[in-house]
Number of protein chains: 4
Amino acid sequence: MATPSVVPGPGAPRRGRPRDAKAERAILEAAVAILSEVGFTHLSVEAVAARAGVGKPTIYRRWPSKLELVIDAVERLAPPLQPASTGDPLTDLRQIVPQLMADVTSSPIGRAIVALANDAETHAELARRLGARYLAPRRAVIADILRQAVDAGQVRGDIDPEMTIDLMMGAALYHWLARAQPVDADTGRRIVDTVWDSLQPSR
Amino acid sequence: MATPSVVPGPGAPRRGRPRDAKAERAILEAAVAILSEVGFTHLSVEAVAARAGVGKPTIYRRWPSKLELVIDAVERLAPPLQPASTGDPLTDLRQIVPQLMADVTSSPIGRAIVALANDAETHAELARRLGARYLAPRRAVIADILRQAVDAGQVRGDIDPEMTIDLMMGAALYHWLARAQPVDADTGRRIVDTVWDSLQPSR
Amino acid sequence: MATPSVVPGPGAPRRGRPRDAKAERAILEAAVAILSEVGFTHLSVEAVAARAGVGKPTIYRRWPSKLELVIDAVERLAPPLQPASTGDPLTDLRQIVPQLMADVTSSPIGRAIVALANDAETHAELARRLGARYLAPRRAVIADILRQAVDAGQVRGDIDPEMTIDLMMGAALYHWLARAQPVDADTGRRIVDTVWDSLQPSR
Amino acid sequence: MATPSVVPGPGAPRRGRPRDAKAERAILEAAVAILSEVGFTHLSVEAVAARAGVGKPTIYRRWPSKLELVIDAVERLAPPLQPASTGDPLTDLRQIVPQLMADVTSSPIGRAIVALANDAETHAELARRLGARYLAPRRAVIADILRQAVDAGQVRGDIDPEMTIDLMMGAALYHWLARAQPVDADTGRRIVDTVWDSLQPSR
DNA sequence: TTATAAACGAGACGGTACGTCCTGTCTTTTA
DNA sequence: TAAAAGACAGGACGTACCGTCTCGTTTATAA
């Protein structure tokens with residue numbers, strides 16, 4: 001985890017002074033702190049370097065841009081996943097999905113995700129990176145539950161788990177973008193239930 | 001429309017030289033052009049001023065920031081709404097919603113919407129503004145169709161139109177954010193159909 | 001006095017609303033006040049207009065530039081000349097010249113004079129104007145005294161009054177420019193006496 | 001020489017990348033060139049940066065204002081001092097002083113000196129700086145000659161060399177300020193001779 | 001054990017853009 | 001038709017960061 005994006009050649013004999021793990025930690029912590037305080041737009045690499053007590057090149061040696069640094073920092077900022085399976089898929093969804101929604105529509109993480117799209121040139125690459133690092137494990141948790149629901153015959157067998165996730169998380173994200181306030185607990189639950197309904201076999 | 005965000009006192013007797021409507025038009029057109037070319041991040045107020053043949057202060061007199069200018073420009077960039085009612089709600093949704101999805105997940109407009117969230121301080125105010133100017137009329141078109149569907153008894157009477165819109169548009173937006181590619185026609189249609197299913201009365 | 005530099009055609013039939021003398025006074029007073037407060041460099045036409053409760057064009061209609069306005073203002077700022085002739089030329093010089101020195105090396109007036117030179121293009125014209133309006137009457141006072149001294153046989157008959165004035169006033173001005181402090185009373189008197197010595201017939 | 005006005009802490013261990021002497025040279029040369037071409041008023045830091053092929057911050061890192069930069073540039077612009085002692089003090093003065101007068105009343109240098117006074121807040125500090133860098137060595141040359149004259153018994157022993165210099169240079173400067181033309185050779189010589197006369201022992 | 005290589009903090013570099021201020025002109029409304 | 005108000009194009013200001021590039025100084029592996 002938190003592996004720097006710019007990795008030194010792995011096959012190389014690794015001569016010279018090795019990178020300082022302490023510096024790496026300090027940088028990510030500073031990034032997380034500043035991200036929480038001023039948001040993505042007003043976070044500057046310079047400020048991160050200053051707070052971490054580190055030179056700017058030490059940051060650029062590891063991360064090629066502010067956005068990539070933030071993506072790594074986001075992981076630290078995000079609360080750990082707690083799969084917490086009760087055995088009942090709907091109950092599980094009702095518990096976990098709102099957490100992930102809150103996660104993504106609370107400022108720093110959401111802003112980082114959303115910042116991806118601002119630069120057309122790098123959007124694809126960074127989305128790929130964020131997908132692998134942050135989104136994938138969270139989507140996997142939901143996909144698992146959906147699989148259980150399929151196996152239990154509680155939902156149709158031909159559902160598209162990816163689209164199902166897009167529907168739930170997307171509704172929350174769009175709600176937040178357009179209204180500048182995160183979905184509340186009740187709305188979150190209603191979104192889950194509505195999407196769950198759409199998965200039902202008989203209608 | 002395209003009224004500047006920084007409106008001069010409306011009740012005042014309007015003394016002094018009035019603002020030049022030609023300059024306003026030139027600025028918005030330049031903004032639209034540059035937005036299409038280089039995207040939100042690389043659009044600079046300076047470049048807009050230069051292309052519009054206008055001084056920077058003339059821009060700042062009307063719009064307090066690049067973002068607010070872009071929000072006004074987005075309206076012009078967005079293709080006009082063509083309600084095109086066939087009489088059948090589902091057919092209408094299948095035609096219109098994918099258009100709006102494409103609209104929002106094609107770079108310039110989507111990037112502008114998404115840029116809102118990057119600055120916590122102004123997110124609320126700008127979202128309000130974008131909502132009133134761009135989103136509201138588009139949501140209204142969908143809400144109208146949903147109302148017709150309710151009236152025709154094709155969907156339940158207690159549906160939440162706002163959430164329904166969030167589900168459809170959100171799924172497309174989230175898809176685009178996370179994968180850096182807009183939803184294709186087929187996916188768009190499947191999103192509409194899936195959400196339509198969730199509105200069905202009997203299941 | 002204080003006639004505007006840009007005079008309306010005198011032969012013209014003077015149609016329309018006449019210029020407001022009150023505005024003129026307010027402008028000059030504002031200029032004087034601001035000149036004393038912030039000096040020539042930081043005086044802006046805009047600030048003068050604002051303080052005078054006048055539009056900028058009203059100023060530009062009368063004075064073609066900030067410098068010309070200031071030259072007019074300087075006249076008001078300068079203490080009135082008090083010829084105060086005691087009958088003895090040297091005594092008169094010792095009394096009057098230090099006053100003029102203080103005048104010119106106290107900030108606002110000195111700064112205005114000195115500001116003339118900053119723009120090569122307009123230096124000549126503005127110096128001419130300042131000469132006619134402010135300097136000439138003051139030089140005349142000294143020249144008068146020198147003439148009396150010549151007539152009284154106290155100094156040589158072939159002195160060059162202009163150069164004599166340049167020596168005295170120049171010494172004070174240069175002193176101020178180079179040291180940022182005006183000549184004190186004693187130094188002023190020593191300058192006068194030294195120059196007076198150079199005018200003596202026998203040596 | 002040509003040491004930047006904003007000196008990095010001298011006792012400090014000089015950490016970080018050292019300042020680029022080449023950039024410094026390029027900036028001063030550009031400043032000199034532009035100063036000669038358009039004068040002090042129309043010289044902009046931006047133009048200097050552009051011509052020197054340097055970023056604006058690189059200039060502001062060294063000089064806090066256009067004026068301080070120009071003071072440094074003036075030194076380069078000024079023709080080198082050529083003491084050229086003939087052994088006879090009056091001959092020396094007649095040769096050297098008019099050169100210094102021409103120096104100071106030829107546009108760029110004179111305008112820079114005179115520009116000092118325009119901003120009351122910084123006049124003292126900048127005059128001090130200009131004094132140390134440009135004026136002092138030139139005054140020293142004249143003071144030396146005056147000392148020789150005293151030693152040779154050609155002038156009184158109690159003369160005030162500083163005031164003597166103020167008289168000669170001041171007359172030339174004042175002449176130029178008020179008339180917008182430098183003193184000609186003849187006038188320069190007459191000024192020197194007149195002041196010389198005032199130093200004579202017997203009169 | 002000594003090179004050698006690469007990291008380190010610091011900070012200067014050429015740039016770009018920012019948002020502000022002011023200049024001198026132009027245009028409307030009010031008187 | 002002049003005055004006030006204020007918008008206009010333009011230009012420069014001084015600042016903030018960008019991402020890169022030296023510096024002089026550790027620190028660890030390789031010779």
Side-chain angles (χ1 to χ4, degrees), chain A residues 8 12-20 22-23 42-50 52-66, chain B residues 8 12-20 22-24 42-47 49-50 52-62 64-66, chain C residues 8 13-20 22-23 42-47 49-50 52-61 63-66, chain D residues 8 12-20 22-24 26 42-47 49-50 52-62 64-66:
Chain A
R14 307 290 299 102
R15 305 217 307 168
R17 174 176 176 177
R19 289 198 182 155
D20 186 348
K22 215 157 40 185
H42 294 125
L43 173 145
S44 75
V45 174
E46 216 145 62
V48 173
V54 139
K56 268 197 293 177
T58 300
I59 294 182
Y60 281 106
R61 211 171 281 126
R62 291 171 163 84
W63 297 276
S65 76
K66 152 180 160 178
Chain B
R14 309 289 302 101
R15 305 218 297 173
R17 176 176 177 176
R19 292 201 178 152
D20 186 348
K22 216 158 38 188
E24 202 147 299
H42 296 124
L43 173 144
S44 76
V45 173
E46 216 145 60
V54 138
K56 263 197 292 177
T58 298
I59 294 183
Y60 281 107
R61 209 172 284 126
R62 291 172 162 85
S65 75
K66 152 179 160 177
Chain C
R14 311 288 300 100
R15 305 212 307 165
R17 176 172 173 179
R19 288 195 180 159
D20 187 348
K22 216 157 41 187
H42 295 126
L43 174 146
S44 75
V45 173
E46 214 144 63
V54 138
K56 269 197 293 174
T58 300
I59 294 182
Y60 281 106
R61 209 170 286 125
W63 297 275
S65 76
K66 149 180 160 178
Chain D
R14 307 291 301 101
R15 305 216 297 173
R17 178 177 176 175
R19 292 203 179 148
D20 186 348
K22 215 158 40 189
E24 203 148 299
H42 295 123
L43 173 146
S44 76
V45 173
E46 217 145 58
V54 138
K56 261 198 295 179
T58 299
I59 295 183
Y60 282 107
R61 210 171 282 125
R62 291 172 161 84
S65 76
K66 152 179 158 178

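These numbers come from a predicted model, not from an experiment. Residue numbers begin at 1 in each chain, while the letters A, B, ... track the order of the sequences.
If you take CD of E46(D) and P of dC13(F), they are 6 Å apart, rounded to a whole angstrom. Note: CZ (R19(D)) to C1' (dT22(F)) measures 15 Å, nearest angstrom. Rounded to an integer number of Å, the gap from NZ of K56(D) to C1' of dA12(E) is 18 Å. A straight line from CH2 of W63(C) to C1' of dG24(E) spans 16 Å, rounded to a whole angstrom. In this structure, CZ of R61(D) is placed 13 Å from P of dA16(F), rounded to the nearest angstrom. In this structure, NZ of K66(C) is placed 10 Å from C1' of dT23(E), rounded to the nearest angstrom. As a whole-Å value, the separation of K22(A) NZ from dA7(E) P is 17 Å. One atom, CD1 of I59(C), and another, C1' of dA5(F), lie 13 Å apart when rounded to the nearest Å.
To the nearest 0.5 Å, atoms OG (S65(A)) and OH (Y60(A)) are separated by 8.0 Å.
When all heavy atoms of R19(D) and R61(D) are compared, the pair lying nearest together is NH2-O, 3.4 Å. Listed here is the closest heavy atom pair of K66(D) and V45(D): CB-CG2, 3.9 Å. Residues V54(C) and I59(C) share a closest heavy-atom pair of CG1-CG1, 4.0 Å.
Applying the 3.5 Å distance criterion, the base of dC13(E) shares no donor-acceptor pair with the side chain of R17(D).
Taking for each of P57(A) and D20(B) the nucleotide of DNA chain F with the nearest heavy atom, the 5'-most of the two is the partner of D20(B). Across the interface with DNA chain E, nearest-nucleotide mapping of A52(A) and S44(B) shows A52(A) to be the residue nearer the 5′ end.
If you check dA17(E), dC23(F), dC21(F) against the side chain of P18(D), the one that comes closest is dC23(F). Nearest to the side chain of Y60(C), among dC8(F), dG14(F), dT23(E), sits dT23(E).
Contact check, R62(D) against dC13(E): a side-chain N or O comes under 4.0 Å of OP1 or OP2. Within the structure, a side-chain polar atom (N or O) of T58(D) is placed less than 4.0 Å from OP1 or OP2 of dG14(E).
In this structure, K56(C) contributes its side chain and A49(C) its backbone to no donor-acceptor pair below 3.5 Å.
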